[in-house]
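Input: a single structure, listed below in structure tokens.
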Amino acid sequence: KQTLVRLALIAGAAAPFPGGAQQQQLPTMPLNAGIHLIQAEVANTFDTRMTGLMHRKKLGANSGMLFVFPDVTTHCMWMKNTFVPLSVAFMDEQGTIVSIHDMQPQNETSHCAAKPARFALEMNQGWFAKKGIKAGARIGGVDKAPPPR
């Protein structure tokens, strides 16, 4: 079973959508990839997972979005209405990366986990490669993520 999730980002409290509407503020949590610290917004509801990083014009250097899925399966992501080039790391329940994919803005190509995954972490494109993080590495802190709703 594959699940397709729209990528997007819900920005901070006062970040406007194009046209001036306010975006919803999501909870954030610290994560780490070895010595590399990440500040991740958490998408753990159906609506926030479907919106993801959509309409975002930029993403902080060590900022990202953690998707918390209700089931462990081969999840897929795409970049419709997403303007920032991203890399996505799919992770199992322990936070071990099962695969990493680079994704192009405003593209509907599906990028799917190589194995069943519980989480996905989106970062600026190339972030994982620049830090030497590959499949098999572990993202710390996902065990403290709020449960999926």
Checklist entry - How long is the span from the CD atom in Gln125 to the CG atom in Leu59, to the nearest 0.5 Å? => result 12.0 Å
Checklist entry - So, for Phe67 and Thr48, which heavy atoms are closest and what is the spacing to 0.1 Å? => result CE2-O, 4.5 Å
Checklist entry - Checking side-chain contact (heavy atoms from CB on, under 4.5 Å) for the pair Met77/Leu86: CA distance, chi angles, key distance, verdict? => result CA-CA 11 Å; Met77 308 288 257; Leu86 299 170; over 6 Å; no
Item to check | Asn44 (side chain) donor-acceptor with Pro147 (main chain) under 3.5 angstrom | outcome: yes
Checklist entry - Taking a hydrophobic cluster as the set of Ile, Leu, Val, Met, Phe, Trp and Tyr residues connected by side-chain heavy atoms closer than 4.5 Å, whether directly or through intermediates, do Val88 and Met65 fall within one such cluster? => result yes
Checklist entry - Honestly curious: do Phe90 and Val142 fall in one hydrophobic cluster under the side-chain, below-4.5 Å linking rule? => result no
Checklist entry - Do Ile38 and Leu26 share a hydrophobic cluster, counting only Ile, Leu, Val, Met, Phe, Trp and Tyr and linking them when any side-chain heavy atoms are less than 4.5 Å apart? => result no
Item to check | Met103 CE to Ser110 OG distance, which is reported to the nearest 0.5 Å | outcome: 10.5 Å
Checklist outcome for this item: Between Leu31 and Ala40 the two heavy atoms that sit nearest each other are CD1-CB, 3.7 Å
Checklist outcome for this item: Nearest heavy-atom approach of Ala89 to Ile100 is CB-CG1, 3.9 Å
Checklist entry - Between His111 and His101, what is the ring plane arrangement, given parallel below 30°, perpendicular above 60°, and tilted in between? => result tilted
Next on the checklist: Let me check something: do Val98 and Phe69 share a hydrophobic cluster, defined by ILVMFWY side-chain heavy atoms less than 4.5 Å apart, either directly or through other members?
Outcome noted: yes
Checklist outcome for this item: To the nearest 0.5 Å, atom NE2 of His75 lies from atom CZ of Phe119 at 10.0 Å
Checklist entry - Do the side chains of Met29 and Met123 join up, straight or via other hydrophobic residues, at under 4.5 Å, putting them in one cluster? => result yes
Next on the checklist: With rounding to the nearest 0.5 angstrom, report the CE to CD distance, Met79 to Gln106.
Outcome noted: 9.0 Å
Checklist entry - What residue pairs, at least two apart or across chains, pass side chain to side chain donor-acceptor pair (under 3.5 Å) with a residue in residues 126-146? => result Asn62-Trp127
Checklist entry - Quick one: do the Thr109 and Asn107 side chains pair a donor with an acceptor below 3.5 Å? => result yes
Checklist entry - Looking at Gly126 and Asp102, what are the two nearest heavy atoms and their distance? => result N-OD1, 4.1 Å
Next on the checklist: Checking the side chain of Thr96 only, and the main-chain atoms of Asp92 only, is there a donor and an acceptor separated by less than 3.5 Å?
Outcome noted: no
Item to check | Leu121 vs Met91 side-chain heavy atoms within contact, under 4.5 Å | outcome: yes
Checklist outcome for this item: Taking every heavy atom of Ala113 against every heavy atom of Ser99, the minimum-distance pair comes out as CA-OG, 3.6 Å
Item to check | Thr74 to Cys112 - nearest heavy-atom pair and separation | outcome: CG2-CB, 4.3 Å
Next on the checklist: Using side-chain contact (heavy atoms from CB on, under 4.5 Å), reason through Ile97 and Ile139 one step at a time and then give a plain yes or no.
Outcome noted: CA-CA 7 Å; Ile97 298 173; Ile139 300 296; 4.0 Å; yes
Checklist entry - Would you say the side chain of Pro70 lies within less than 4.5 Å of the side chain of Arg49, judging by non-hydrogen atoms? => result yes
Checklist entry - Does the Arg118 side chain pair with the main chain of Val68, one donor and one acceptor, at a distance under 3.5 Å? => result no
